[in-house]
Amino acid sequence: METVETVAEKRNETFLQRVRTKVDLGDVGPILGLIILIIIGSFLSPVFLTKGNLFNILTQISVLGLGAIGMTYVVIGRFFDLSVAGMLSLAAVLIVGLQPYVGTIGAIFAVILVALAVGLLNGTILQFIKGDFGASIMITFGTGTILASLALLYTGGFTLKPELDPVFSWFGNGSLFSIPAPIILLIFFSIILHVVLKYTTFGRAIYLTGANHEAARLSGIPIHRIRTITFMIVAVLVSIGGLINSSQTLNASPVAGVGFELDVIAAVAIGGTSLQGGAGNITRTLIGVLIIGVLNNVFVLIGLSNYDQMMAKGLIIIAALLLDRRNESNLIRKG
Amino acid sequence: MSILEMKGISKSFPGVKALQGIELEVRKGEVHGLLGANGAGKSTLMKVLSGVIQPDEGEISFKNEKVKFSSPLDAQQKGIVIIHQELSLVPMLSVAENIFLGRLFGSKYNVNWKEVHEKAKYYLKQVGTDINPSTIVRDLSVAQMQQVEIAKALSFNADLIIMDEPSAVLSGAELNQLFETIETLTEKGVTVIYISHRLEEIDRICDRLTIMRDGKVVETRIVKETSREEIIKGIVGRDMDEEYPTMEVIEHGEEILSVQNLSLKGKLRNVSFQLKKGEILGIAGLVGAGRTEIARCIFGADKFDKGEIVYKGNKIKVSNPRKAIELGIALVPEDRKEHGLITKFSLNRNFTMAALKKINRFGFLHRFKENEASKSLIQTLKIKTPSIHQLALNLSGGNQQKVVVAKYLFSDADILILDEPTRGVDVGARREIYTVIQDLVKNGKSVLLISSDWPELIALSDRIVVLHEGRIKGELAGSEASPEKILQQALV
């Protein structure tokens, strides 16, 4: 009996070839980029590598990180969710607005319910119109715009002042084991999402869906249900981000989420999760988020203006996508 | 007087001799029918003639001049235009814009629309239609689109127009319209090569016909002097050879599937048949007869309008493929690379994708079980691969097909619907797929086999139902079936 392993051994692969198939540039590129950024940062400023500054970076990226790890699920399933910006704004004001009536914890639950409903709505509309990738961009753009306007309508355009009870304050400014709460939350949810994606059948189903919608459907994968659940997950994570945001800034802005969706997608793409669907993981996205965080920090340290920062971010997104394309064509060439 | 002469045209693709020493002579002003089974070489020959591909050997003379076509544009400029079955019009543009696509004229910066429309109108009139040139193509009927295509061909001053199965997309009244257009063309001295599977059309409009088989021309004859039987014999021709295994006789069990009056608007009408345990039921018919539609309806991939499906004695409602797979019905689709497999994923992921439930332990993937199952599937089906982690795209066509079958073995399917399982698969791998099919029924599975390769269908099937335009035209026992008999039923 010829086993599968012996056949594998017979293949005359050189060491280099094996390394090349094992390690693809999509994994190494972003990590390398991050390391270079950190080295540059430490040269530019003596405070860069201090614990305070590093916590500072991590705290700043936690809201983005929560959105990005959720978006990773959506993107692996080969869809997009642009409604995260509106969701963030609405969650930020709704939590503060509901505080007086149902208390902080009640408000958090209410907002999570709203988020689940938003995800369900996005998924259901797409199922109804049999929408694909392109439709998901437009539909979630639409729902996101409605959410953003609801946030503004709810506050009349003003920012709201929260009641600073201990629970509310903890999310933005509290800590656990002397690690700031936003970082704890990001790590906690990242681990859960990573495990679910990598080790569960649901995670496998997301990959299968994203790799080829029709093949997945014909194999009995409930692609509509999978998509709806990923939309619900990202909405919930973003609403927790909204809570952190309101708690950090001590006021609830109805425009807290403006531009958020693009930052989130940028983080996912910079990390190397393929926008073609069917590939990617949480670790990659976290690296993407870290790159954006460190970059912003370095920009501030070297005194770049906001406008310069935008320019640099744009260039990095394009570079990340070029890298993504190169990987895709590598895969095809290997075949 | 002949307008076109092809002499000794040969063309090979890696592993296939697509055309061998083709001799074809077409006379000016005639409608010349071109017939042959799928894969006989008609399309390749027409590609050579329209400049899409270049022949390895042979010469073409057109209008008494030796010609070589370097590209479709070159052929067009010399007066040969091909009209494909899938029309090549741009739906969002107007009729006039389509006719002069890429060739709009006027001054340097402006299109002279008035003249463009006038000229378009002129060519449309030549075709015998009064479609308004400013109509958006999307709003036309298929027959009208064809007329626009023909008008476009005329605008190239075409002397020879090749129509590749133009009738496949037309219904009765539209067909008459097409024939009238063709008559108008021939009156003007334009020559037409007409490719079709429908013999009654050949009878009606062609003057002469050429039959192709296995990349060769069998004969060219005058339509009026040729009987249908002779044509069918010419198309089918070959004897059944040892390409096919002798099937072991397998005792059939009770009825497992009964399809009753399945109807789908414009595609299927009152299709009924039964399938027994351990049986291979062949579904024959020409392209477009509704074979794939039947498969997709039973599998829940498409919805149907009317009819019932009884499975293992119970009436079932398959609303989606998921339901079908759970019940034990599987579809190995025609397009295995797009619909059957995820080519950029490893084999083990492909094997288990239709039955994630079986590798699910409290929501988590049971990777050990997945790997063991994958290894055993590779052995059962003798899939040639270095490892279960190999990407599916690195496998040969035959082995990829086995992976799709393996996927449904893992999902414990009782009925496998195989849609063109050997298309694009080389001869050696074909034999292996036949063995796989045989093993399936030996193990008590039932198979619905759809194939355009009739000798294959006959060799494998216990019974064959023949479809024609969405209806079952007849049923043949595998032992008494012959390509001629199938063709007779499939054509009428």
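So you know, we letter chains A, B, ... as the sequences are listed, proteins then strands, and number each from 1.
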Side chain from CB out, backbone as N, CA, C, O: work out which of these in [X] comes under 4.5 Å of a heavy atom of chain A, or both, or neither.
{"X": "K407(B)", "value": "side chain"}
{"X": "F362(B)", "value": "neither"}
{"X": "N360(B)", "value": "both"}
{"X": "S411(B)", "value": "neither"}
{"X": "L356(B)", "value": "both"}

Taking [options] one by one, which has the highest count of heavy-atom pairs under 4.5 Å against chain A?
{"options": "E326(B), H366(B), R367(B), R361(B)", "value": "R367(B)"}
{"options": "P333(B), A324(B), A301(B), S374(B)", "value": "A301(B)"}
{"options": "A330(B), G340(B), A354(B)", "value": "A354(B)"}

Go through the side-chain N and O atoms of [X] and [Y] and say whether any donor and acceptor fall under 3.5 Å apart.
{"X": "T385(B)", "Y": "Q390(B)", "value": "no"}
{"X": "N122(A)", "Y": "T143(A)", "value": "yes"}
{"X": "T72(A)", "Y": "T285(A)", "value": "yes"}

Item to check | Residue among G278(A), G220(A), S219(A) with most heavy-atom pairs under 4.5 Å to chain B | outcome: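 It is S219(A).
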Item to check | Point-to-point distance, once rounded to the nearest 0.5 Å, from CZ of R296(B) to NZ of K267(B) | outcome: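 NZ of K267(B) is found 10.5 Å from CZ of R296(B).
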Checklist entry - When you measure from the centre of the six-membered ring of Y207(A), is the NZ or CZ of R204(A) under 6.0 Å away and within 45° of the axis? => result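 Here R204(A) fails the 6.0 Å and 45° test against Y207(A).
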Checklist entry - Is there a donor-acceptor pair under 3.5 Å between the side chain of R78(A) and the backbone N or O of Q276(A)? => result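 Between the backbone of Q276(A) and the side chain of R78(A) there is a qualifying donor-acceptor contact (under 3.5 Å).
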Next on the checklist: Would you say the rings of F133(A) and F79(A) are close, in the sense that their centroids are separated by under 6.0 Å?
Outcome noted: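 No.
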